[in-house]
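All heavy atoms count here, side chains included; hydrogens, waters and symmetry mates do not. Within every chain, numbering begins at 1; the chains are lettered A, B, ... in the order of the sequence lines, protein sequences first and strands thereafter.
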Amino acid sequence: MLDPKYVRSNPEEVAQLLKKKGFDFPVERFSELEQQRKEVQVLTENLQSERNSRSKQIGKAMAAKEDVAPLKAEVKALGEQLDAAKVTLAELQQALDDLLLGVPNLPHESVPEGETEDDNVEVRRWGQPRNFDFTPKDHIDLGEQHGELDFEAAAKLTGARFAVMKGKIARMHRALIQLMLDTHTAEHGYTEVYVPFMVNADSLYGTGQLPKFEADLFKVPFGERDYYLIPTSEVPVTNLVRDEIVPAEQMPLRFTCHTPCFRSEAGASGKDTRGLIRQHQFEKVELLQLVEPAKSWDALEELTGHAEKILQLLNLPYRVITLCGGDLGFGAAKTYDIEVWVPGQDKYREISSCSNMLDFQARRMKARWRNPETGKPELLHSLNGSGLAVGRTLLAVLENYQRADGSIEVPEVLRPYMGGVTEL
RNA sequence: GGAGGGAUGGCUGAGUGGCCGAAAGCACCGGUCUUGAAAACCGGCGAGUCGAGAGGCUCCCUGGGUUCGAAUCCCAGUCCCUCCGCCA
């Protein structure tokens, strides 16, 4: 959520900045609600104050054994007025909250203008796409040839957009997870966490999936309420600091977390219907940082580098791009996507998305740290990035390391995790 | 699933209708003392919100209710703990 104070005093500026994201901020409606809210709030608080002081008078009068019946009647009438004012105030407050909860984060000034992914800006490339002296297969064909990647079986068990893996491919999938977690904990200073794969609605409000993007989630009825399958471990892990005040000496918090992720992929029916690219369920190792505000931009560069490191270890060619305003996610102020080379498609495909959310999520979830300079709790900044999406990493390894006969070399760095196996 | 206990500031914990946004301790900050530190002593110290300020308002798990007035009484719910049962 944006800072209501800031929005209140600079509604035009907010609208201007949000245009970059393709979001139309309703200045008129906001200002109108805000003005009403203020009026009613002043009225309500005055009534409240009046009632409080008169009630105290009653207490004193009773102690002095005076007749308090007329006073009581008077205050009772006051209370009825107050109740009415409270109801109106609550409605206005609710309307403002609803509006503000649906407003995306402001894009950073360094975010390029643009509406679609075509307007994203490449920042750097690493590695050279390999020259094949044969036509490279995609991972679907490779998986079928090996008999270890089975989408039809998954369709039988569940439905479209799920996968069954077996044997060495399943093991490589697991090996990738181990490599990622080990690298981030041992080399990059992250603490590994294990979290629930289902969360409550509060957590999803905190990170920004709710109230706007419920259609993208899998909902699980449970008793009187609903739980949701997590669309990314960003949700449970970031919410670890919801309603907390982190001591300065514990900052920055760095977490890495492996979980399955569940996405309904609403509205993606025509896209990437085959293969591991777009699934309802996939594994991801996430990188998460909670930092003091002054350091979040440095942290974004650093975190992106940590994700890149995995691709370097696997010797997979990639590029890093800056998302343009129109392609930027709801809560992000700036996002770097990392795209890995996919020979079967002859192009770079997203494998990681690293974002600085600034205080956008922190404000929603009241996540603060105690600033030693002021001694006061202040909102912290949250960042997250995939380090990496495991299914897509697997697919990239299979396709980039394939040989003419369809066998696949195991990248050197994975061999210790696969009992020394050198090829599939 | 059954029985009981609990939720109060950064932490521990007192508080059963008005003098309670809330005792006390710890932690923290400032000071006295000291060559320095510790100890001792003195003082300060919850959060949010409105306001230029004075100050006002809200917040004692959540939501309802009773009352002139609720941390305190009533109802519903959530979470935590203990015991029994069951269980990977």
Side-chain angles (χ1 to χ4, degrees), chain A residues 1-10 30-31 33-97 99-101 194-206 210 220-228 236 239-251 253 290 292 359 362-380:
Chain A
M1 195 160 82
L2 298 177
D3 182 357
K5 272 191 232 167
Y6 172 73
V7 180
R8 221 173 278 149
S9 41
N10 310 281
F30 176 80
S31 304
L33 278 172
E34 186 47 40
Q35 196 196 325
Q36 288 178 37
R37 194 224 87 228
K38 202 161 182 171
E39 273 173 32
V40 177
Q41 185 164 333
V42 168
L43 172 72
T44 307
E45 290 185 1
N46 285 343
L47 284 168
Q48 195 104 247
S49 173
E50 189 73 9
R51 191 198 63 179
N52 287 348
S53 61
R54 296 215 194 172
S55 284
K56 279 187 182 168
Q57 281 173 25
I58 291 179
K60 281 179 192 154
M62 284 175 79
K65 309 252 167 132
E66 292 167 19
D67 176 22
V68 293
L71 261 177
K72 276 193 182 183
E74 199 182 317
V75 181
K76 183 163 192 167
L78 204 60
E80 280 158 15
Q81 274 185 65
L82 176 61
D83 285 343
K86 271 183 177 170
V87 169
T88 311
L89 181 61
E91 283 167 3
L92 287 166
Q93 197 62 61
Q94 186 63 49
L96 273 168
D97 283 351
L99 194 157
L100 243 27
L101 280 172
Y194 173 85
V195 294
F197 302 159
M198 288 192 265
V199 293
N200 57 33
D202 286 345
S203 294
L204 289 154
Y205 273 95
L210 289 179
V220 182
F222 181 66
E224 293 299 304
R225 71 191 55 72
D226 293 317
Y227 286 164
Y228 296 83
N239 274 280
L240 286 173
V241 293
R242 167 150 57 88
D243 295 319
E244 301 289 338
I245 300 172
V246 181
E249 60 271 20
Q250 285 179 22
M251 300 279 282
L253 291 174
L290 302 157
E292 47 195 274
D359 59 11
R363 184 170 295 104
R364 287 172 163 247
M365 63 175 78
K366 292 184 196 63
R368 296 169 295 174
W369 71 298
R370 196 171 289 277
N371 184 342
E373 282 176 25
T374 61
K376 297 286 178 190
E378 294 173 11
L379 294 174
L380 46 75

Could you identify the nucleotide paired to [N], looking across every strand shown and requiring Watson-Crick or G-U wobble geometry with both distances under 3.5 Å?
N     : result
B:G43 : B:C29
B:U35 : none
B:G48 : B:C57
B:A88 : none
B:U82 : B:A3
B:A23 : none

Gap in Å between the two [atom1] atoms, one belonging to [N] and one to [M], rounded:
N     : M     : atom1 : value
B:G17 : B:U67 : C1'   : 9 Å
B:G53 : B:U72 : P     : 33 Å
B:C20 : B:U8  : C1'   : 12 Å
B:A14 : B:G6  : C1'   : 15 Å

Just compare [options] and give me whichever is closest to any side-chain atom of [X].
X        : options             : result
A:Gln41  : B:G69, B:C50, B:A47 : B:C50
A:Arg370 : B:C57, B:C19, B:G10 : B:G10
A:Ser49  : B:C19, B:C50, B:G56 : B:G56
A:Ile245 : B:G48, B:U58, B:G10 : B:G10

Under 4.0 angstrom between [X] side-chain N/O and [N] OP1 or OP2:
X        : N     : answer
A:Lys56  : B:G18 : no
A:Arg368 : B:G48 : yes
A:Asn52  : B:G69 : no
A:Arg225 : B:U78 : yes
A:Arg8   : B:C50 : yes
A:Gln48  : B:U58 : yes

Could you check whether [X] gets within reach of a base, just the sugar-phosphate, or nothing at all, counting any heavy atom under 4.0 Å?
X        : value
A:Lys38  : sugar-phosphate
A:Ile58  : base
A:Lys86  : nothing
A:Asn46  : nothing
A:Lys376 : sugar-phosphate
A:Pro377 : sugar-phosphate

request  = Considering non-hydrogen atoms only, spot the tightest contact between A:Phe30 and A:Arg8 and give its length.
outcome  = CE2-CA, 3.9 Å
request  = Please report the closest heavy-atom contact between A:Ala85 and A:Leu43, naming both atoms and the distance.
outcome  = CB-CD2, 4.4 Å
key: Euclidean distance, A:Leu92 CG relative to A:Arg37 CZ, rounded to 0.5 Å   = 9.0 Å
inquiry  = More than 12 heavy atoms of other residues, nucleotides or ligands under 6.0 Å from CD of A:Gln250: yes or no?
reply    = yes
query = Any chance CD of A:Gln35 has more than 12 other-residue heavy atoms, nucleotides or ligands included, within less than 6.0 Å?
reply = no
Rounding to an integer number of Å, can you tell me how far [X] [atom1] sits from [N] [atom2]?
X        : N     : atom1 : atom2 : result
A:Lys60  : B:G17 : NZ    : C1'   : 17 Å
A:Leu43  : B:G56 : CG    : C1'   : 14 Å
A:Asp243 : B:C79 : CG    : C1'   : 13 Å
A:Gln94  : B:G63 : CD    : C1'   : 14 Å
A:Lys366 : B:C61 : NZ    : P     : 16 Å
A:Met62  : B:G18 : CE    : P     : 11 Å
A:Leu78  : B:G69 : CG    : C1'   : 12 Å
A:Glu244 : B:C61 : CD    : P     : 17 Å

ask   = Checking A:Asp359 side chain against A:Leu379 main chain: does a donor-acceptor pair fall under 3.5 Å?
value = no
task = Report the residue (A:Ser53 or A:Asp3) whose heavy-atom-nearest nucleotide on RNA chain B is the more 5′ of the two.
result = A:Asp3
message = Among A:Arg368, A:Arg370, A:Met251, exactly one meets side-chain contact (heavy atoms from CB on, under 4.5 Å) together with A:Leu380. Which residue is that?
response = A:Met251
ask   = Do A:Asn46 and A:Ser49 have side-chain atoms, one donor and one acceptor, less than 3.5 Å apart?
value = no
